[in-house]
Structures are given as C-alpha cells and as structure tokens.
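One-based numbering along the sequence shown. Just so it is clear, the values below take in all heavy atoms, side chains as well, and ignore hydrogens, waters and symmetry mates.
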Amino acid sequence: MKAAHVPIAMAPVSAAVLVASGYGVRFGVWDYRLGFQLISWSFYTGLATAAVALAALLIPRLRAGHVVGLAAALVIGLGVAYVPWQWQRDGRAAPPINDITTDIDNPPAFVAAVPLRAGSPVSTTYPGADTAAKQSGAFPDIRPVDLALPPPAAFARALDVAKRFGWTIAAVDPAAGRIEATATTPWFGFRDDVVIRVTPTATGSRIDIRSLSRVGRGDRGTNAKRVRAFLAEFAA
C-alpha cells in the first residue's frame with residue numbers, strides 16, 4: 001500500500017468506529033461503557049488520520065495524484081476527532097447529576113415509570129439537596145412555567161408537546177395533572193423518563209417537568225437540554 005493510501009483508508013475506519021460506538025449500544029451489540037470507550041478511541045484515530053493526511057499533502061511526491069483523497073481524509077479525520085472532543089467538553093461542563101426538574105423543592109413524582117425502570121441502578125427518589133444545589137448552579141434558568149391557561153388547556157398543550165417530541169407516553173392522568181413518558185436519545189438509545197405536572201394557580205396553571213436517566217451518574221447535560229426544549233416549546 002502506498003503511503004498516501006494510509007490516511008485515505010484510515011478515514012472511513014475512524015468514522016465507522018465513531019458511528020458504531022453509539023449505535024452498537026442502541027442495538028444491544030455492547031454496553032454503554034464500551035460505547036464510551038469507542039468514542040475515546042475514535043478521537044485518536046480521527047486525529048491520527050488528519051495528521052497523516054496533512055503530512056502527505058505537504059509532501060509533493062506523496063500527494064501527487066491523491067490530493068482529493070487526502071483532502072477528504074483530512075476533513076473526515078478532523079470531523080471524527082471533533083465529535084468526541086465536543087462530547088467530552090459537554091461532559092466536563094455539566095455537573096455529574098442525572099435528575100433535572102423545574103421544582104427542586106417538590107419534584108414531580110414518578111408513578112407509571114417505576115415498574116418500567118425495574119433493574120435500573122438509578123432510583124426514582126429525588127437525590128436531594130446536593131443534586132438541587134448542583135442543578136441551581138449549572139442551570140439557573142430551569143424554572144416552572146406559569147400561564148394564564150386553565151389546567152385542562154395547559155394539560156392538553158403539555159401532552160401535545162410530549163407527543164410532538166416523539167416521547168413514548170406511559171401515563172396520562174388529567175385528574176392528577178400528571179403525564180409520564182419515556183424519551184430515547186437518538187445515538188446511544190438511552191431511555192430517560194419524564195414526568196410533567198400541571199397544577200392550578202390563582203391565575204391559571206403551573207407546569208413542572210422532571211427528566212431522569214436510567215443509567216449512569218451524570219448525563220452530560222442531556223436531561224437539562226430536554227427540559228429546556230420542552231419548556232421553550234410549551235411556552236411558544
């Protein structure tokens with residue numbers, strides 16, 4: 001194999017490792033711990049691909065007849081390395097918690113999700129003051145939504161938003177003002193449980209939401225992003 005062919009061959013391999021890291025977990029080929037390890041490996045394979053491709057591009061006798069392939073390998077290598085770099089960056093930026101709620105004093109309780117989480121190492125019992133403090137410090141914008149809507153209308157809107165997000169609805173209890181659902185992440189296929197609570201107020205309704213992972217100590221900010229997305233869509 002010619003030297004110029006090495007990075008060209010490495011590029012699709014590094015990309016395949018990155019893609020497989022998540023989808024292998026999603027389809028049960030391996031567990032999430034190996035998936036995380038593969039993401040780390042893809043960073044190094046992507047970086048190595050980009051470095052070798054760049055070196056080949058800088059050497060006239062190596063790049064001759066292979067400029068397009070080497071340029072593509074450089075771009076792919078950098079792109080592959082960027083994804084785990086950003087993934088790790090998000091992980092370091094988020095606190096090591098996996099339970100996010102708009103009401104840290106009285107979080108909405110899970111009912112229907114409890115049997116669905118059988119075997120999960122993460123309890124549905126709210127962790128308490130330490131988690132609340134970490135959430136407040138990292139995500140101070142996550143707060144309840146108060147609307148001048150009667151509870152039935154607010155409940156219907158909340159259910160509509162949950163369905164539009166593609167969450168699997170586990171329970172709908174208008175009398176209790178509770179909606180429970182399961183959200184699945186697109187890459188790894190992690191299942192996180194969500195509970196929405198609608199309570200009447202003097203001027204309309206208050207909406208609270210809680211999103212909880214089934215595995216892991218931290219969630220790299222995933223639950224906070226989900227709660228923010230729901231609140232933004234609901235308010236809109």
Side-chain angles (χ1 to χ4, degrees), residues 90 93-118 120 122-186 189-216 218-236:
D90 289 344
I97 57 177
N98 58 13
D99 195 339
I100 299 295
T101 177
T102 54
D103 189 345
I104 58 177
D105 297 315
N106 180 30
F110 289 100
V111 178
V114 173
L116 300 177
R117 298 170 63 92
S120 169
V122 181
S123 171
T124 57
T125 301
Y126 189 69
D130 182 60
T131 293
K134 288 176 179 176
Q135 176 187 312
S136 296
F139 314 115
D141 59 305
I142 293 181
R143 292 286 186 268
V145 172
D146 288 294
L147 288 178
L149 278 178
F155 188 91
R157 181 187 292 188
L159 181 59
D160 178 63
V161 172
K163 289 179 177 178
R164 280 192 274 125
F165 278 5
W167 299 346
T168 301
I169 306 300
V172 178
D173 189 343
R178 190 184 75 255
I179 300 167
E180 292 186 68
T182 299
T184 303
T185 61
F190 288 133
R191 285 174 294 180
D192 303 330
D193 294 299
V194 180
V195 55
I196 302 163
R197 183 178 65 200
V198 180
T199 52
T201 65
T203 57
S205 303
R206 166 172 161 159
I207 310 301
D208 284 291
I209 179 172
R210 179 182 174 194
S211 184
L212 173 65
S213 302
R214 291 190 184 183
V215 297
D219 63 3
R220 299 178 182 273
T222 298
N223 286 299
K225 290 176 183 176
R226 180 178 298 117
V227 168
R228 282 171 170 159
F230 173 86
L231 295 176
E233 185 71 15
F234 182 89

Check whether any side-chain N or O of E180 sits under 3.5 Å from a backbone N or O of A113 as a donor-acceptor pair, and report yes or no. yes
With R157 via salt bridge (charged side-chain N to carboxylate O under 4.0 Å, His left out) - residues at least two apart: none
Scan R220, R226, K225 and name whichever one has a side-chain hydrogen bond (donor to acceptor under 3.5 Å, both in side chains) with N223. R226
Can D146 and T203 be counted as having a side-chain donor-acceptor contact under 3.5 angstrom? no
In the structure I gave you, are the side-chain heavy atoms of F155 and S205 within less than 4.5 Å of one another anywhere? no
Looking at every heavy atom in both N98 and G218, which two are closest together, and how far apart are they? CB-C, 4.3 Å
Walk me through whether T102 and R197 qualify under side-chain contact (heavy atoms from CB on, under 4.5 Å). CA-CA 10 Å; T102 54; R197 183 178 65 200; over 6 Å; no
How long is the gap from CG on D192 to CH2 on W167, to the nearest 0.5 Å? 10.0 Å
Do you know the tightest heavy-atom contact between R191 and T184? CG-OG1, 3.7 Å
The reported gap from CZ in R228 to CG in D141 (rounded to nearest 0.5 angstrom) is 4.0 Å
Indicate yes or no for a side-chain donor-acceptor contact from S211 to the backbone of V227 under 3.5 Å, with no hydrogens or angles considered. no
In terms of ring plane angle, is the pair F230 and F234 parallel, tilted or perpendicular, where the classes change at 30° and 60°? parallel
Between the main-chain N or O of S213 and the side-chain N or O of R117, is there a donor-acceptor pair closer than 3.5 Å? yes
Roughly how far apart are I207 CD1 and L149 CG, rounded to 0.5 Å? 8.0 Å
Closest non-hydrogen atoms of I100 and A224, given as atom of the first, atom of the second and distance, are CG1-N, 3.8 Å
So does I104 get a backbone contact from the side chain of T101, meaning a donor-acceptor N/O pair under 3.5 Å? no
What heavy-atom pair brings A170 and A112 nearest, and what distance separates the two atoms? O-CB, 4.1 Å
Residue pair Y126 / P107: nearest heavy atoms and the distance that separates them: CG-CG, 3.5 Å
Considering all heavy atoms, the nearest A183-V194 contact: CB-CG2, 4.4 Å
Using the salt bridge (charged side-chain N to carboxylate O under 4.0 Å, His left out) criterion, which residues pair with R210? Sequence neighbours excluded. D99
Distance, nearest 0.5 Å, that separates CD1 of I179 from CG of L159: 4.5 Å
Does S136 reach the main-chain N or O of P140 with its side chain, forming a donor-acceptor pair under 3.5 Å? no
Once you round to the nearest 0.5 Å, how far does OG1 of T125 lie from CZ of F110? 11.0 Å
Looking at G221, is its backbone amide N or carbonyl O close enough to the side chain of D90 to form a donor-acceptor pair, meaning the two atoms are under 3.5 Å apart? no
What verdict does the side-chain contact (heavy atoms from CB on, under 4.5 Å) test give for D103 and R206, after you've listed the backbone C-alpha separation in whole Å, the side-chain angles of each residue and the deciding distance to 0.1 Å? CA-CA 11 Å; D103 189 345; R206 166 172 161 159; 3.1 Å; yes
Hey, what do you get for CG (D193) to CG (L212), rounding to the nearest 0.5 Å? 6.5 Å
